Amino acid sequence: MTIRRYDHTYQVLGVVSDFHFFSLHQPIEPMMLVGRAQGKEVSVKLDPQNTGLT
Amino acid sequence: MAVGDAFGVPHGTVFDIGVTTRDAISRLRSGVDPVLAELIIFLYIISESSADKQHTKADQIYRIGYHVLQPGVLQTALSSGPVGPAMTADYPEILDYVRMMNPAEFKGDFLLSHGDKSAYESGLVFTDTNFFDFFDYEFVHGNKTTALANPNDIVITYEKAIFFFGQSNPLGKVIRIDGEHPMVVSAVVRQPDSPTHLRFHYLIPLQAMNGYLASAFGPFTSLRSINYQTYLLVDKNFDPEYFKKRNAEEYVLCTILVNQQFNYMQQKDLGYATEHRVIVSLPQAERITPQWISGFREELLQHTHVAGVSTALRNPLPGNMIETWMFPIEKSYGTEETVLRIAFVDPDFIDLYNISVIEGRNFSWDHPSDIQGGVLLNESAVRDFGWENPIGKTPLG
């Protein structure tokens with residue numbers, strides 16, 4: 001299956017389990033994650049062994 | 001970082017040190033001051049400004065500015081009360097701090113009086129007692145050691161001394177503030193001829209403020225109260241670039257914020273992990289180029305405290321606006337315009353948040369085409385489309 005929008009063609013690589021991207025109380029809507037090299041929202045996973053954040 | 005006069009900031013090199021202090025971090029983490037959730041502290045050396053470079057220690061004095069990213073954007077040469085003490089305590093190369101605060105900017109003028117002379121004044125500034133250790137002034141009366149030694153001391157400029165006391169020596173005389181608070185003149189200084197950001201006609205020890213302003217205007221010890229000029233005295237060998245580098249970790253930690261809101265929820269409820277995950281929103285600034293982001297990512301990954309990094313246009317997580325597109329989707333009963341939520345994420349997003357791939361595969365850095373048209377669907381989308389086998393079909397068109 002293929003999803004198209006304007007000139008772009010998006011090929012489905014995989015399916016991910018549902019996760020809440022709005023609040024926990026809202027139903028999970030259909031979502032498409034589009035692959036990109038980068039963006040300005042940086043998520044960092046800290047190592048709890050070293051940060052003292054445990 | 002370009003900082004202009006609009007914010008009352010002198011031009012000059014600004015070192016975006018990208019840190020907040022451990023003290024500030026702990027406050028943020030405890031939820032006391034979420035208002036400063038995303039905050040970059042910057043420093044600039046006063047000797048590069050056109051003003052205030054005449055002081056003996058000017059090359060060692062930096063002023064603190066704030067760049068608040070969330071909520072709203074604020075760039076200011078003012079800072080909050082606790083940040084100077086906290087940075088001095090945290091960093092050995094920062095030797096001392098001094099703060100100045102002019103309440104007239106939000107309170108209005110003070111009435112100052114002595115005998116039958118009185119005037120409404122806007123130039124009354126509260127400061128730490130070491131003010132004259134930072135900045136050089138010519139003393140007409142008194143000296144720098146005793147000038148701010150007592151809580152009820154008041155230092156006045158020569159111009160104001162003439163107004164209230166004429167040519168007589170005013171040391172020990174009383175000036176009342178708003179008719180009730182008696183302050184004792186402890187020194188008379190001359191205003192410099194050169195331009196200055198240290199504008200005052202009266203200087204009073206900050207501790208005096210607790211007595212009669214704190215109750216009326218709330219505590220000035222809060223990180224929220226961004227009303228201070230804060231100056232730091234640094235070691236002669238201070239290197240702002242090294243300082244910045246050494247503090248990349250804090251830059252990450254200071255933006256921990258949003259996570260606090262959903263840390264209490266379990267991964268099984270949300271469908272992804274939040275614990276120890278931190279989100280840093282980079283500013284919408286020209287200097288934040290794709291190359292800069294790549295470099296920042298690499299720098300973070302080399303850090304011993306960092307277990308993973310992902311970047312996204314906008315994370316599809318609670319609290320964010322998520323784009324909506326309409327697509328013609330081929331469903332079992334024909335093509336239908338379908339509403340879909342869209343998010344642009346890099347190949348590390350799925351693993352970083354422990355989201356499960358239940359069919360097919362995740363994006364991979366090894367396949368450049370994955371970030372030029374590869375997509376993942378969530379289960380709800382597959383169910384909505386009624387697709388039996390969604391993976392890897394030959395693209396149409």
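Labels below follow one simple rule: chain letters A, B, ... track the order of the sequence lines, proteins then strands, and each chain is numbered from 1. Remember, predicted model here, so these are calculated numbers, not experimental data.
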**Student:** Could you tell me whether the side chain of A/V42 reaches within less than 4.5 Å of the side chain of B/L300, counting heavy atoms only?
**Tutor:** yes
**Student:** Can you tell if the side chain of B/D346 reaches within under 4.5 Å of the side chain of A/Q38, non-hydrogen atoms only?
**Tutor:** no
**Student:** Relative to chain A, which of B/L352, B/D384, B/V382 shows the most heavy atom pairs under 4.5 Å?
**Tutor:** B/L352
**Student:** Report the distance from atom CD of A/E41 to atom CD1 of B/I293, rounding to the nearest 0.5 Å.
**Tutor:**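 Going from CD on A/E41 over to CD1 on B/I293, the span is 11.0 Å.
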**Student:** Keeping to residues at least two apart or across chains, list the salt bridge (Lys or Arg N to Asp or Glu O under 4.0 Å) pairs with something in residues 300-310 of chain B.
**Tutor:** none
**Student:** Does A/P30 offer a backbone N or O that forms a donor-acceptor pair with the side chain of B/S380 under 3.5 Å?
**Tutor:** no
**Student:** Any idea which heavy atoms bring A/S43 and B/Y353 closest together, and the distance?
**Tutor:**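 Of all heavy-atom pairs spanning A/S43 and B/Y353, the closest is OG-OH, 2.7 Å.
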**Student:** With a 4.5 Å cut-off on heavy-atom pairs, point out which of B/R341, B/R361, B/E359 contacts chain A the most.
**Tutor:**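 So the answer, after comparing B/R341, B/R361, B/E359, is B/R341.
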**Student:** With heavy-atom distances below 4.5 Å as the criterion, would you say the side chains of A/L13 and B/N362 are in contact?
**Tutor:**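 Result no, sub-4.5 Å side-chain heavy-atom pair not found.
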**Student:** Measuring only between side-chain heavy atoms, which start at C-beta, is B/R383 closer than 4.5 Å to A/D18?
**Tutor:**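 Counting from C-beta outward, B/R383 and A/D18 do come under 4.5 Å.
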**Student:** Against chain A, label B/L301 side chain, backbone, both or neither, depending on which of its atoms sit under 4.5 Å from a heavy atom there.
**Tutor:**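 Answer is neither: B/L301 stays 4.5 Å or more from chain A.
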**Student:** Do you know which of B/D348, B/I358, B/V357, B/I350 has the most heavy-atom pairs under 4.5 Å to chain A?
**Tutor:** B/I358
**Student:** If the plane angle is over 60° it's perpendicular, under 30° parallel, otherwise tilted; pick one for B/Y272 and A/F19.
**Tutor:**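 Perpendicular, since the angle between the ring planes exceeds 60°.
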**Student:** On a heavy-atom basis, which atom in B/F363 and which in A/L33 lie closest, and how many Å separate them?
**Tutor:**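 For B/F363 versus A/L33, the nearest heavy atoms are CZ-O, 3.4 Å.
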**Student:** Report yes if some heavy atom in the side chain of B/P390 is under 4.5 Å from a heavy atom in the side chain of A/V15; otherwise report no.
**Tutor:** yes
**Student:** How many angstroms lie between NZ in A/K40 and CZ in B/F296, if you round to the nearest 0.5 Å?
**Tutor:** 13.0 Å
**Student:** Could you grab the distance from atom CG of B/L376 to atom CE of A/M31, nearest 0.5 Å is fine?
**Tutor:** 11.0 Å
**Student:** Picking from B/I322, B/I371, B/T338, which has the most non-hydrogen pairs under 4.5 angstrom with chain A?
**Tutor:** B/I371
**Student:** Taking CD in B/E298 as the centre, count heavy atoms belonging to other residues, nucleotides or ligands within less than 6.0 Å. Is the count above 12?
**Tutor:**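 More than 12 within 6.0 Å, yes.
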**Student:** Which residue out of B/P368, B/P290, B/G360, B/P347 racks up the most heavy-atom pairs below 4.5 Å with chain A?
**Tutor:** B/P290
**Student:** With only heavy atoms counted, which part of B/S294 is less than 4.5 Å from chain A, the side chain, the backbone, both or neither?
**Tutor:**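 Contact with chain A is through both the backbone and side chain of B/S294.
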**Student:** Which one wins on heavy-atom pair count under 4.5 Å against chain A: B/N315, B/V309, B/I342?
**Tutor:** B/N315
**Student:** Which pair of heavy atoms, one from A/F21 and one from B/P316, lies closest together, and at what distance?
**Tutor:**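 Result for this residue pair: CB-O, 3.1 Å.
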**Student:** Tell me, for B/R297 versus chain A, whether the close heavy atoms (under 4.5 Å) come from the side chain, the backbone, both or neither.
**Tutor:**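 Answer is neither: B/R297 stays 4.5 Å or more from chain A.
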